[in-house]
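All remarks here apply to the structure that follows.
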Amino acid sequence: MRFGLIGTGGIGHIRVQALDRMKNCELSAVTDVDKERARALASSFSNKKISVFNDYRQMLASDSVDAVIVSTPPQFHEEITISALEAGKHVLCEKPLANSVEACRRMVEASRRA
């Protein structure tokens, strides 16, 4: 499965290390509001071609990822997760899932619809 990482901060780096150890999973794309940080992470894999997107919406529109890891601050989880689900991507979202119970419910409902 090809993963896209949305958010390349500390937790994002931990997720990338985990992906790197898995046989059937690979990091294929990254995006972050800090584009230089995203480029640096992608270029650290000299043996792989990792796409760098300027915006998570571009990544979601791409065929280069099957699933995304949402590794942003919690206030952005709902919008990104629901967008990813609506784009047909599998989603792993960091905890806390969202900043409110209502937002969590909307995300769970979106996953059920998808």
Side-chain angles (χ1 to χ4, degrees):
M1 184 169 284
R2 299 167 302 157
F3 280 84
L5 177 66
I6 303 172
T8 59
I11 298 299
H13 279 267
I14 292 170
R15 298 297 168 239
V16 167
Q17 291 170 3
L19 281 176
D20 203 36
R21 291 190 298 267
M22 299 179 76
K23 286 184 180 180
N24 297 319
C25 297
E26 68 176 280
L27 180 66
S28 62
V30 296
T31 188
D32 194 285
V33 294
D34 182 339
K35 288 156 191 67
E36 288 307 313
R37 186 168 62 188
R39 282 188 195 94
L41 178 66
S43 67
S44 70
F45 290 88
S46 58
N47 60 336
K48 298 178 185 178
K49 167 71 170 106
I50 298 173
S51 300
V52 178
F53 291 92
N54 292 326
D55 186 288
Y56 77 87
R57 291 170 201 88
Q58 294 171 329
M59 179 190 291
L60 297 179
S62 168
D63 288 334
S64 67
V65 297
D66 305 307
V68 296
I69 299 171
V70 181
S71 185
T72 62
Q75 64 265 29
F76 304 114
H77 289 179
E78 180 182 9
E79 177 183 332
I80 295 170
T81 296
I82 291 173
S83 295
L85 290 165
E86 289 174 348
K89 308 298 183 191
H90 299 278
V91 178
L92 183 152
C93 184
E94 290 296 333
K95 62 184 193 299
L97 188 59
N99 288 340
S100 71
V101 172
E102 294 79 17
C104 291
R105 285 187 179 129
R106 289 187 292 268
M107 294 166 75
V108 169
E109 286 305 313
S111 72
R112 288 182 177 142
R113 287 190 305 273

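Numbers for residues simply follow the sequence, beginning at 1. The shown structure was predicted, so the numbers you read here are calculated from the model rather than taken from an experiment.
With sequence neighbours excluded, no residue forms a side chain to side chain donor-acceptor pair (under 3.5 Å) with Lys35.
Side-chain heavy atoms closer than 4.5 Å link hydrophobic residues (I, L, V, M, F, W, Y) into clusters, and following such links, possibly through other members, connects Leu85 to Ile6. Leu60 and Phe76 end up in the same hydrophobic cluster when Ile, Leu, Val, Met, Phe, Trp and Tyr side chains are linked at under 4.5 Å. Met1 and Leu92 fall within the same hydrophobic cluster, defined by Ile, Leu, Val, Met, Phe, Trp and Tyr side-chain heavy atoms under 4.5 Å apart, directly or through other members. A single hydrophobic cluster is not seen to contain both Tyr56 and Val30; linkage of ILVMFWY side chains at heavy-atom distances under 4.5 Å, directly or through other members, places them apart. Residue Phe45 is grouped with residue Leu19 when hydrophobic side chains (ILVMFWY) are merged at heavy-atom distances under 4.5 angstrom, including chains of intermediate members.
Annotation for Leu41 and Ser44: closest pair O-OG, 2.6 Å, computed over non-hydrogen atoms.
For His77 (side chain) and Leu97 (main-chain N/O), a donor-acceptor pair under 3.5 Å exists by modelled atom type. Checked by atom type and distance alone, the side chain of Ser28 pairs as donor or acceptor with a backbone atom of Phe3 at under 3.5 Å. Put simply, the side chain of Arg15 never gets that close to the backbone of Val70: no donor and acceptor are under 3.5 Å apart. In terms of modelled atom types and a separation under 3.5 Å, the side chain of Thr81 and the main chain of Glu78 share no donor-acceptor contact. Not one N or O on the side chain of Lys48 forms a donor-acceptor pair closer than 3.5 Å with the backbone of Leu27. Between the side chain of Asp32 and the main chain of Arg37, no donor-acceptor pair closer than 3.5 Å is present.
Under the side-chain contact (heavy atoms from CB on, under 4.5 Å) test applied with Val91, the options Ile82, Ile80, Ile69, Val68 reduce to a single match, Val68.
Other residues, nucleotides and ligands contribute only 12 or fewer heavy atoms inside 6.0 Å of the NE2 atom of His90.
Within the model, atoms CE of Met59 and OG of Ser51 stand 8.5 Å from one another, a figure rounded to the nearest 0.5 Å. Taken from OG1 in Thr31 to CG in Asn54, the straight-line distance is 7.0 Å, to the nearest 0.5 Å. In this structure, the separation between OG on Ser83 and CD on Glu79 is 5.5 Å, given to the nearest 0.5 Å.
The pair Glu26-Lys49 does not count as a salt bridge, with every side-chain nitrogen at least 4.0 angstrom from each carboxylate oxygen. The residues Arg106 and Glu109 are annotated as not salt-bridged, no charged nitrogen and carboxylate oxygen being separated by less than 4.0 angstrom.
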